[in-house]
Amino acid sequence: MSPVVKFTLGRVGLFVAVAVVLLPVPLDLLVKLMIALIASFGLQFLVLRKWRLEMIEYMDRSVTQRRAAREKLRSALAGDDADKS
């Protein structure tokens with residue numbers, strides 16, 4: 001599974017878990033969901049640290065590969081690639 005998908009599902013799961021814990025609290029549903037959103041945002045830094053770092057590395061590799069491919073294409077279109085052959 002992609003690290004991005006894994007991290008996103010972890011964030012959603014964390015939000016749902018906090019929302020379920022807040023269900024018995026006598027507050028308006030919207031307030032409970034807002035608290036769950038803020039709490040899950042803060043907790044993800046502690047709970048999902050490993051998955052967040054994996055996602056960052058994955059995205060960094062992806063950006064690096066795309067930049068290299070773009071530069072290769074630009075040099076090929078500019079004719080620099082033909083001079084090397």
Side-chain angles (χ1 to χ4, degrees):
M1 180 183 312
S2 167
V4 177
V5 173
K6 188 168 47 171
F7 179 72
T8 302
L9 290 176
R11 290 280 310 262
V12 171
L14 196 57
F15 170 76
V16 170
V18 173
V20 167
V21 168
L22 290 175
L23 279 179
V25 177
L27 290 173
D28 185 36
L29 180 63
L30 183 60
V31 174
K32 290 179 195 178
L33 293 177
M34 289 174 61
I35 292 171
L37 182 67
I38 293 168
S40 66
F41 177 74
L43 285 173
Q44 66 98 14
F45 287 106
L46 300 172
V47 177
L48 303 177
R49 183 176 188 266
K50 179 181 173 188
W51 288 356
R52 187 177 68 251
L53 294 175
E54 287 176 9
M55 180 189 67
I56 290 169
E57 290 174 11
Y58 174 80
M59 293 180 80
D60 188 44
R61 277 193 313 265
S62 176
V63 167
T64 304
Q65 290 172 352
R66 287 181 184 174
R67 283 184 182 155
R70 184 175 60 215
E71 289 303 317
K72 183 178 178 182
L73 178 62
R74 282 185 180 165
S75 67
L77 290 174
D80 296 341
D81 202 30
D83 295 335
K84 294 179 184 178
S85 299

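Below, all heavy atoms of this structure are taken into account, side chains as well, without hydrogens, waters or symmetry copies.
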Does [X] share a hydrophobic cluster with [Y], counting links as ILVMFWY side-chain heavy atoms below 4.5 Å and allowing steps through other members?
X     : Y     : answer
Val16 : Met34 : no
Val4  : Val47 : yes
Phe45 : Leu14 : no

> Are the side chain of Ser62 and the backbone of Tyr58 linked by a donor-acceptor contact shorter than 3.5 Å?
Replying inline: no

> Within the side chain of Lys32, is there an N or O that forms a donor-acceptor pair under 3.5 Å with the backbone of Val25?
Replying inline: yes

> Of all heavy-atom pairs between Gly10 and Leu48, which one has the smallest distance, and what is that distance?
Replying inline: C-CD1, 3.6 Å

> What heavy-atom pair brings Ala36 and Val18 nearest, and what distance separates the two atoms?
Replying inline: CA-CG1, 3.6 Å

Distance from [X] atom [atom1] to [Y] atom [atom2], nearest 0.5 Å?
X     : Y     : atom1 : atom2 : result
Leu53 : Phe7  : CG    : CZ    : 9.5 Å
Ile38 : Leu33 : CD1   : CG    : 11.5 Å
Leu37 : Arg11 : CG    : CZ    : 8.0 Å

> Can Gln44 and Trp51 be said to form a side-chain contact (heavy atoms from CB on, under 4.5 Å), step by step?
Replying inline: CA-CA 10 Å; Gln44 66 98 14; Trp51 288 356; over 6 Å; no

> Less than 4.5 Å apart, any side-chain heavy atom of Leu27 and any of Ile35?
Replying inline: yes

